[in-house]
Amino acid sequence: MQVFVTRKIPQPGLDLLQKEFTIEINPSDRVLTKEEIIKGMKGKDGLLCLLTDPIDKEVITAEPNLKMIASYAVGYDNIDIATATKQGIPVSNTPGVLTETTAELAWALLFSVTRRIVEADTFIRAGKFKGWAPMLMLGQDVSHKTLGIIGTGRIGTAFALKSKGFQMNILYTDEQHNLQLERELGATKVSLQKLLKESDFVSIHVPLTKATHHLIDEKELHLMKKTAILLNTARGPIINETALIKALSERWIFGAGLDVYEKEPKIPKELTCLENVVLQPHTGSGTIETRTKMALIAAENMIIGLKGGIPPNCVNTEVFQKKPTG
Ligand code: DGY
């Protein structure tokens, strides 16, 4: 069988795939266009794609031979799951292995903004440091503050649990009660409005869906404290970026830490000019260990799927209700 890989991923995953199948990898280290993906998929049985690839109806239906899509990401909002399901094609993702890594980045962003780390580093490199001063680069404490978590799935829960050393008051929103957080941290489930009004730091951990698109808009930003910090390591379009730029430049809130953007990789110039935002290039899962595990998981799912089994991280298991497993 043959697999098309849309961009080079860590070698252990490619080695695993190569033991079983003939693989073709995009030779250039860049995002392919839709047309290039379709061309690369020609005659292939499997597609290993990334979160930057638009895997829509046109792509999914382009190759009649296609039997399996393994995505090298946990989020799969870039894939038309309904079409894949209709075509009987299982789609897998890479959950679990990037949970702690992404939660760690959210904490890194929180400290970067509270203690103005990037701004301070730039200040020193510009030769502006003239010695200790009582009012120099004052930031904010983290300990004993209120942490608001929007969405307590795997990553939101891991992010909350890492607050243990800082004795924080935890508020969260979710459809269900998160009993682990309530038991271990005394966390309280509240409405989004209450969370925004009362939290010192707000961190987003929901997937991008129709319901979460622009979940944080002007109205929500206005509810936040003037001293509040907003973190987003989930997906860019959950925040209305134009409203956020306004909120940051007019100081409705203290700052923001972002790993994701509304029109990635395009980032508005106004955002890059602001001092009270720390910008990270979508590296939530970006450690050597985690990216290697993601490559292995994507390869394992592809192997099982192409051999007719149910991939362990299949996100559309409905396809197997119609199709007998091998
Ligand atoms: C994912 O896998 O969905 C993350 O956004 C990667 O950082």
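In each ligand, atom 1 is the first atom listed, and ligand 1 is the first ligand listed. Atoms considered below: every heavy atom in the structure, side chains included; atoms not considered: hydrogens, waters and symmetry mates.
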S.K.: Could you tell me if E262 and H214 have a donor-acceptor pair between their side chains, going purely by distance under 3.5 Å?
M.R.: yes
S.K.: Taking D29 first and then K8, would you say they form a salt bridge - that is, a charged N and a carboxylate O separated by under 4.0 Å?
M.R.: no
S.K.: Please collect all salt bridge (Lys or Arg N to Asp or Glu O under 4.0 Å) contacts where either partner lies in residues 274-291, sequence neighbours excluded, each pair once.
M.R.: none
S.K.: So does G165 get a backbone contact from the side chain of Q167, meaning a donor-acceptor N/O pair under 3.5 Å?
M.R.: yes
S.K.: As a test of reading the model: which residues have a non-hydrogen atom less than 4.0 Å away from ligand 1?
M.R.: L51, A73, V74, G75, L98, R235, H282, G284, S285
S.K.: Quick one: are the ring centres of F166 and F201 less than 6.0 Å apart?
M.R.: no
S.K.: Verify, without hydrogens or angle tests, whether Q140 (side chain) and T227 (backbone) share a donor-acceptor contact under 3.5 angstrom.
M.R.: yes
